[in-house]
Amino acid sequence: MNPSTALATVVVDELIRSGVTEAVLCPGSRNAPLSFALHEADRLGRLRLHVRIDERTAGFLALGLAKASRRPVPVVTTSGTAAVNLHPAVVEAEYSRVGLVAITADRPEELRGVGANQTIDQVDLFGGSVREFRELSGDELPTVPNWRTAVDRALTWAQWGPVHLNIAFREPLVPDGDPSWSEPLDAEPVEPRIERNLDTAEGYAPVDTGPRTVVVAGDQALADARGLAEQGGWPLLAEPSSGHRAGPNAIGAYRLLVDPFGEEIERVVVAGRPTLSRPVTRLLSRADVELRRLPDKRRHIGSRGTVDQSWLARWQDADRRARSAVDAVLADEPPCGLSVARTVATAVPSAGLLVAGSSSSIRDLDLADPWDDAPLVLSNRGASGIDGTVSTAVGAALAHPGPAHALMGDLTFLHDNTGLVIGPAEPRPNVTVVVVNDDGGGLFTQLEQGDPRYADEFERLFGTPHGVDLAALCSA
């Protein structure tokens with residue numbers, strides 16, 4: 001067995017031993033050893049392989065798989081700009097704390113910096129965007145234990161965000177038919193494997209009920225924000241992708257009510273990363289409001305003290321009146337993003353999955369009614385970009401056992417139309433993608449750029465009409 005085949009075989013085996021069940025691969029020459037090893041693991045049913053021709057799409061596909069499964073997912077590319085194309089997904093994974101494992105093939109050291117074809121500097125390619133960088137080659141001794149230790153330690157760091165494995169392969173890059181190697185390929189790591197568990201539930205000190213409090217749940221809040229709000233009798237201001245936008249305390253029109261109630265709010269308890277609402281952002285920045293952040297772990301938090309029922313009742317009454325006013329406006333208008341978002345939200349069952357684009361779609365969902373029991377709602381709110389949304393939705397749908405929907409605008413959809421390119425031999429998702437097509441960027445009309453003073457420049461610079469026939473694109 002040649003060194004490149006041995007190295008790839010051990011890396012894939014250790015990934016599987018470390019809990020990997022899904023892997024994404026992009027075609028290339030230098031990463032051929034990993035391609036053969038992943039294909040063999042897929043053939044044996046040890047993991048499920050997804051092949052994509054676009055590295056940026058592949059990165060976000062792996063991101064979606066990792067988000068929905070809560071397991072690390074590797075995405076494998078060849079060298080050069082193929083590796084660089086993973087950077088947007090790596091950045092999103094870093095800010096949303098998702099275990100994306102970027103595995104990039106590289107030339108051996110003697111072929112770096114000498115003008116070799118398709119070679120760039122891939123050492124620390126993603127800089128501070130990854131929690132761990134490891135480089136592997138066939139030169140390490142003892143080889144197998146060191147290879148396994150490097151993979152195992154990288155997967156440990158992947159509990160908190162993306163990691164990068166850069167692997168130098170020497171030719172030959174394809175199997176030679178000889179199964180023998182100088183040492184056992186199943187040798188143990190130099191250091192013992194680390195047991196990993198992301199779902200440990202722990203208790204936390206209760207929160208006193210004294211001050212007038214609101215509970216804010218941002219994107220992917222792990223602490224039990226809903227349980228705390230219901231026990232304390234507090235309004236729950238939960239973003240759609242928080243996982244807590246449900247139950248009697250959830251205030252659906254909270255973004256319309258924060259400012260009117262603002263002067264009365266004495267304390268804000270925050271879980272996750274709230275980013276959607278400017279009124280909430282202003283509230284969190286006020287010096288006269290006590291701010292308490294819950295731990296970023298799956299913990300139950302209780303309250304202690306006497307519950308002020310009137311505080312919640314006033315919010316609930318205002319919420320009913322605000323939502324009725326929104327309903328009245330929508331009834332007199334043609335279909336728009338908000339009405340479509342409400343329709344889609346109603347169609348998603350509690351066991352379902354909904355992936356929302358990070359621009360207008362997630363904000364439209366934020367004005368929809370709370371669920372009785374919230375489904376899994378995902379959105380790339382780490383860096384809040386629109387890139388890779390189709391692929392994120394496809395990956396999440398492939399990992400989620402229930403029905404899946406995705407909601408996005410036309411620019412978000414077009415930005416990742418290669419996410420629809422799924423080869424005939426690849427696993428296919430069961431996902432309904434709903435595109436709100438207003439021929440351009442609607443979000444900017446709500447921002448400073450949408451001021452009438454900039455009307456002459458707005459359409460070309462921010463509205464960006466495209467005139468694309470989306471139905472024809474989907475058919476293609």
Side-chain angles (χ1 to χ4, degrees), residues 56 88 91-92 95 219 239-241 252-260 262 274-285 321-345 355-368 379-390 392-393 406-419 433-474:
R56 190 178 71 170
V91 168
E92 174 60 34
Y95 281 92
D219 183 63
E239 295 182 2
S241 61
Y254 73 87
R255 65 193 310 165
L256 305 178
L257 303 176
V258 168
D259 287 340
T275 59
L276 278 185
S277 168
R278 287 189 176 186
V280 169
T281 301
R282 289 194 296 268
L283 176 64
L284 296 178
S285 65
R321 288 186 281 112
R323 285 193 278 165
S324 294
V326 172
D327 291 342
V329 172
L330 292 178
D332 293 333
E333 297 290 334
C336 62
L338 178 54
S339 56
V340 172
R342 288 182 161 208
T343 300
V344 172
V355 178
S358 283
S359 187
S360 296
S361 295
I362 189 67
R363 290 172 171 83
D364 288 336
L365 278 176
D366 200 32
L367 279 173
S379 185
N380 288 338
R381 295 300 301 171
S384 301
I386 66 170
D387 42 344
T389 304
V390 174
T392 301
L407 174 67
M408 64 194 73
D410 48 303
L411 292 188
T412 299
F413 178 75
L414 290 172
H415 207 290
D416 189 31
N417 65 79
T418 52
V433 181
V434 179
V435 181
V436 180
N437 183 13
D438 55 4
D439 194 29
L443 178 67
F444 295 112
T445 61
Q446 306 169 36
L447 304 178
E448 291 86 347
Q449 297 94 326
D451 189 284
R453 291 177 297 167
Y454 310 117
D456 290 343
E457 300 95 340
F458 180 85
E459 194 65 3
R460 183 181 181 191
L461 299 181
F462 303 103
T464 56
H466 49 76
V468 174
D469 184 342
L470 299 189
L473 178 63
C474 293

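Numbering starts at 1 and runs along the sequence shown.
Not counting sequence neighbours, D387 has no partner by the side-chain hydrogen bond (donor to acceptor under 3.5 Å, both in side chains) test. For D259, the salt bridge (charged side-chain N to carboxylate O under 4.0 Å, His left out) partners at least two apart in sequence or on another chain are R282. Residues satisfying the side-chain hydrogen bond (donor to acceptor under 3.5 Å, both in side chains) test with S359, not counting sequence neighbours, are none. Not counting sequence neighbours, the partners of D451 by the salt bridge (charged side-chain N to carboxylate O under 4.0 Å, His left out) test are R453.
Pairs passing the side chain to side chain donor-acceptor pair (under 3.5 Å) check and including a residue from residues 333-343, sequence neighbours excluded, read D327-R342.
Counting only heavy atoms from C-beta outward, the side chains of E239 and T275 approach each other to under 4.5 Å. Contact of the Y254 side chain with the V280 side chain is registered, since non-hydrogen atoms from C-beta on lie closer than 4.5 Å. For the pair L414/L473, a side-chain contact is recorded, criterion being any heavy-atom separation below 4.5 Å from C-beta on. A 4.5 Å side-chain heavy-atom check between L407 and V340 finds at least one atom pair inside the cut-off. At least one side-chain heavy atom of P240 sits less than 4.5 Å from a side-chain heavy atom of L276. Counting heavy atoms from C-beta on, the side chains of L367 and R255 come closer than 4.5 Å.
Scanning all heavy atoms of the two residues, the minimum distance from F413 to C474 falls at CZ-SG, 3.7 Å. In terms of heavy-atom proximity, G357 sits nearest to T412 at CA-CG2, 4.5 Å.
Judged by distance alone, with hydrogens and angles left aside, the side-chain atoms of S358 form a donor-acceptor pair with the main-chain N or O of N380 at under 3.5 Å.
Residues T389 and D416 have side chains that never bring a donor and an acceptor to within less than 3.5 angstrom of each other.
Taking CD1 from I386 and OG from S379, the interatomic distance works out to 11.5 Å, rounded to the nearest 0.5 Å. For the atom pair OH (Y454) and CG (D456), the distance works out to 12.5 Å, reported to the nearest 0.5 Å. To the nearest 0.5 Å, atoms CG (D366) and OG (S277) are separated by 7.0 Å. Put simply, SG on C336 and CG on D364 are 7.0 Å apart, with the number rounded to the nearest 0.5 Å.
A salt bridge is defined here as a Lys NZ or Arg NE, NH1 or NH2 lying under 4.0 Å from an Asp or Glu carboxylate O, and R56 with E92 fails to meet this definition.
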Please tabulate, one pair per line, all N/O donor-acceptor pairs under 3.5 Å involving side-chain atoms of residues 459-470, not counting sequence neighbours.
{"unit_1": "H466", "atom_1": "ND1", "unit_2": "D439", "atom_2": "OD1", "d": "3.4"}
{"unit_1": "H466", "atom_1": "ND1", "unit_2": "V468", "atom_2": "N", "d": "3.0"}
{"unit_1": "H466", "atom_1": "NE2", "unit_2": "D410", "atom_2": "OD2", "d": "2.6"}
{"unit_1": "D469", "atom_1": "OD1", "unit_2": "A471", "atom_2": "N", "d": "3.2"}
{"unit_1": "D469", "atom_1": "OD1", "unit_2": "A472", "atom_2": "N", "d": "3.2"}

